[in-house]
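See structure below.
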Amino acid sequence: MSRHQAYRNYDYENDLDEYEGAGYSDDEEELSPEDRAQMDAGTAQVRAALGAESSKVTTQQIQEALWHYYYDVDKSVAYLRTKFITPSNKKKGSASKGEMSPQHVSFAGFFSDMPWLNIPKARETVFIEPPRIQGGLLGGASTTGKVSKLQALAAARKKKADNQRSEEKQVHEATQKLGSPSTGPRQTESAKENIRPPTVVPERKTGFESIATPNTSRRIESESAEVGDQAEGRFDTATDRPGNFHIPISPSSVAAPFETAAPSPFAKALLSSVHSSTTSAQKHFPFPYTNLTTSVADAFAAPSPDDVVLKAQSQASSKKLATNTTKKKAESGAKGDEATDGVKSLKIDDTPLPKSKNIDVLKEFDKAKSKKTASFVVVGHVDAGKSTLMGRLLLDLDVVDQRTIQKYRKEAESIGKSSFALAWVLDQRSEERSRGVTIDIATNKFETETTSFTILDAPGHRDFIPNMIAGASQADFAILVVDATTGAFEAGLKGQTREHSLLIRSMGVSRVIVAVNKLDTVGWSQERFDEISQQVSGFLSATGFQLKNVSFIPVSGLHGDNIVKRSTDAAASWYNGKTLIEELESSEPMARALHKPLRLTISEVYRSTQSPVTVSGRIDAGSLQAGDALLVQPSGEKAYVKSLELDQEPVEWAVAGQNVVIHLSNIDPIHVRVGDIICDTKQPIACIDTFTVKVLAFDILMPMQVDVHRGRLHAAGQILEIPALLDKTKGTVLKKKPKIVKPASIARVVVKMATKVPLEAGQRVVLRNGGETVAAGLLE
């Protein structure tokens, strides 16, 4: 059974019922016969193990326990006894108390049975007062022996501070005696407002009674005596316990005591007596350095002696350094002035190396009266004989000598391609010769009595359509080569012959010469020639060419019939029209945009002996001369024309329509690429990433990814939207914002580029997708 037949017979309803749970009930699963037998045996064993207590549980409870414990009788018996036969009493007790409020349990009671509370007195921690540091400097030399400079300086400052304080105290006491006759000193209202009220420590018993020592009480008593005569409640040596005193502190002498939080219940439980219910008094443990005398505090108020000494040393060393620096500057003053003058004299020369002669190029062009220039592109299906036809044309015009052709013929015979000798005149690359196909645009030049022609031999293979587009963008007219052999013409009509015709028309080429090649292989049949002419005329007319601009010539590229000379074969005597070279001479090139700003599309970038950056291309508009300043877009870099070459000869100027070689200066090669635009610095071309184009659709168009081709430029883009569908003849809007555009329709589309590219209104672009040309048109 095939796979499709199996899918056709697939029962979806059955799988859906299983997915939705059909066939499964909410009742308990039925046991298999093996499980049922094992369950009955396990039930009997459990009842035997429980004995008289088996009456307290039901059979369902026993089976549930066996099912849960995977028929383990011991675990099931233990579970039944714990759960149903002898349940826990704690649960019952708590349930019987039900509505009673929970009894409050203190933290001390919670930790009453903890072993770490029963600590002997001998092992309890005794807090010993840290030794008070002596006044003066920290560290230094000892008190005995020779006194250091630092100690002497500190002692002098201390003595000076003590004398100053004693004088201030005497003045203050004299002022108070004069102000009030009473024995006790009075305070002013402002002083009373600034004095903090005395803080009295409440008398409480604490758990530290056994820890406190007489030394602590004596220290507190001595400190309170130093505060003033207003202190009350001195300690008795017999009763110097911390819980039996309060200290009124004078606000004028010391700061307020540290305020500590009450001990937590956990701390009470750990540190208090187990059976003691009294709360501990709040204790204050000031830092040992907070009650230093003012003399000691003043010793550290100002910069230390070490800082003073170090500062003096640094000042002395800086003076020496400044003196040495001044001397060195005086010695090297002359040299420094010379170097400074040299740097100031350096200037960047912004002027171009080559200077323009400011020639009136258009006037010189009119005076020259040189031959007219024209460029034509040779297109057609692959293996139609395009390169061979052009090689024969150059050979008959003596542009290539017979000796060169003989050389090419020998080389071609060595690889089994003797008929490719004429094609090798244009196909110079080794890859092209080995494969037998043209890959890139091949250029060559020849002259007649009236015109100087440039050949642009385009590749016919569909993989090299971008190169063909680049060649068609430089051409004034085209030669469409058609293979007349049986079957080859029909294949080409379905292949690149039709696509090439669409592309050259889209690039603005209006004049086409159709060369019916290889007609000698069919005996110069006039019927075959007429048949081909009719079919080609039909699709050229549908493409947009006017038949008056289309010519048909029967030729033989291999033998040279009707190319430069008429055919001498009697079978071809029926043709009396023009030869190929005559048709070329009668073709008029396109009008030149001489008065527009300079626009040149770079076709090649290479290094030459005259310049590290040499470019070649066809001037689309404007003119230029040696020494001109140019702008390369999209890099935005400025360059200068060092020299010009036209037909391999140096020239001073060039105009639109000419294929010129430019040697640039003052620009880095990384800023110049194939496809870039060279333009005038005063009227540069804009770099944009979004543009609107009026296109003729060759395939279905919709918002999609496309490749944008303009000459050598090839960049990725995307059709964002299709604003309108237009009428072919009138150009009016037929439909706004269509979803798709059918083939052979004209539409206005908006294209978004991945990067900014140099484009302007009036330029022709081609849109391709997936290796196929989908549309072409003009920028608006």
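Small disclaimer: the values here were computed from a predicted structure and weren't measured.
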- Query: Take atom CZ in R673; do more than 12 heavy atoms of anything else shown fall under 6.0 Å from it?
  - Reply: no

- Supply the atom-to-atom distance L720 CG to K752 NZ, rounded to the nearest 0.5 angstrom. 7.5 Å

- Task: Let me see the working for N666 and K638 under side-chain contact (heavy atoms from CB on, under 4.5 Å), right down to the final yes or no.
- Result: CA-CA 8 Å; N666 290 11; K638 194 175 182 181; over 6 Å; no

- Stepwise side-chain contact (heavy atoms from CB on, under 4.5 Å) check, L644 with L624: CA-CA 9 Å; L644 293 171; L624 77 161; 4.0 Å; yes

- Hey, are D162 and R165 close enough for a salt bridge, meaning a charged N less than 4.0 Å from a carboxylate O? yes

- Message: With heavy-atom distances below 4.5 Å as the criterion, would you say the side chains of Q625 and V641 are in contact?
- Response: no

- Query: Can any side-chain N or O of T692 pair as donor or acceptor with the backbone N or O of V750 at less than 3.5 Å?
  - Reply: no

- Message: Would you say that Y606 contacts V661 through its side chain, given a criterion of any heavy-atom pair below 4.5 Å between the two side chains?
- Response: yes

- So, does K642 use its side chain to make a donor-acceptor pair with the main chain of Q610 at under 3.5 Å? yes

- Task: Name all residues meeting the side-chain hydrogen bond (donor to acceptor under 3.5 Å, both in side chains) criterion together with T614; count only those two or more places apart in sequence or in a different chain, and write none if there are none.
- Result: S608, H663

- Are V708 and R710 close enough that some pair of their side-chain heavy atoms sits under 4.5 Å apart? no

- Message: If you define the side chain from C-beta out and look only at heavy atoms, does anything of D668 sit under 4.5 Å from E637?
- Response: no

- Query: So do P466 and H709 actually touch side chain to side chain, heavy atoms under 4.5 Å?
  - Reply: yes

- Task: Check for a donor-acceptor pair, side chain of Q683 on one end and backbone N or O of P597 on the other, with a separation under 3.5 Å.
- Result: no

- Test H671 against V632 for side-chain contact (heavy atoms from CB on, under 4.5 Å), laying out the working first. CA-CA 8 Å; H671 300 305; V632 180; 5.9 Å; no

- Message: Just so I know, are the side chains of D676 and V605 near enough to count as touching, which here means a heavy-atom distance under 4.5 Å?
- Response: no

- Determine, stepwise, if the pair Y70 / K75 fulfils side-chain contact (heavy atoms from CB on, under 4.5 Å). CA-CA 9 Å; Y70 298 96; K75 292 184 179 180; over 6 Å; no

- Task: Side-chain contact test, heavy atoms from C-beta onward, threshold under 4.5 Å: evaluate it for V660 versus L600 and give yes or no.
- Result: yes

- Determine yes or no for a side-chain-to-main-chain donor-acceptor pair under 3.5 angstrom, with S611 supplying the side chain and S665 the backbone. no

